[in-house]
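Quick note: numbers below take in every heavy atom, side chains included, and nothing from hydrogens, waters or symmetry partners.
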Amino acid sequence: RGYYAKHDRDHFRPIWDSLLSYGDRFFHLADFSSYIEANAKADVLFSKPLEWHRRALLNLARIGWFSSDRTVQEYSRDVWHLESVPLKK
């Protein structure tokens, strides 16, 4: 409708068509309502800087557990039953 590109109302038409006219084959819209809800909660939280910072720091502190290195190491050991190869120095 031209809201984001007033100079060219059809600038984003290909995106619109791919989602609504040709089928959303990657399911971008499947959880759109959940995305809107989460975004609204984030907006409220962002207006409370102390709580926002506290949660941001907790996320950073906990992210190490979700490391891809750890995941590959666990798969190597537990699924593929491979031994680690020492790195050459």
* To do: Quick one: list whatever passes ring-ring contact (aromatic ring centres under 6.0 Å, His included) with H11, sequence neighbours left out.
  => H7
* To do: Report the distance from atom CG of L57 to atom CZ of R62, rounding to the nearest 0.5 Å.
  => 11.0 Å
* Structure fact -> To the nearest 0.5 Å, atom OG of S84 lies from atom CD of Q73 at 6.0 Å
* **In one Ile/Leu/Val/Met/Phe/Trp/Tyr side-chain cluster, 4.5 Å: L29, Y4** => yes
* What pairs with D31 under side chain to side chain donor-acceptor pair (under 3.5 Å), at least two apart in sequence or on another chain? -> none
* To do: Verify the neighbour count for atom CZ of R9: are there more than 12 heavy atoms of other residues, nucleotides or ligands below 6.0 Å?
  => no
What pairs of donor and acceptor atoms, side-chain ones from residues 14-21 against any protein atom, are under 3.5 angstrom apart with sequence neighbours left out?
{"from": "S18", "atom 1": "OG", "to": "P14", "atom 2": "O", "distance (Å)": "3.4"}
{"from": "S18", "atom 1": "OG", "to": "I15", "atom 2": "O", "distance (Å)": "2.9"}

* Mind checking ring-ring contact (aromatic ring centres under 6.0 Å, His included) for F46 and listing every partner two or more places apart, or none if nothing turns up? => W52
* If you link ILVMFWY side chains whenever their heavy atoms are less than 4.5 Å apart, which other residues fall into the same cluster as V79? By chain and number, please. => Y75, W80, L82
* To do: Determine whether R54 and L50 make a side-chain contact, defined as any pair of heavy atoms from C-beta on separated by less than 4.5 Å.
  => no
* Structure fact -> With sequence neighbours left out, the residues meeting salt bridge (Lys or Arg N to Asp or Glu O under 4.0 Å) with K41 are E37
* **More than 12 heavy atoms from other groups under 6.0 Å of CG on L60** => yes
* Side-chain heavy atoms under 4.5 angstrom apart, residues restricted to Ile, Leu, Val, Met, Phe, Trp, Tyr: same cluster for V72 and I63? -> no
* Step through the shown structure and confirm whether more than 12 heavy atoms of other residues, nucleotides or ligands are within 6.0 Å of CD on E74. => yes
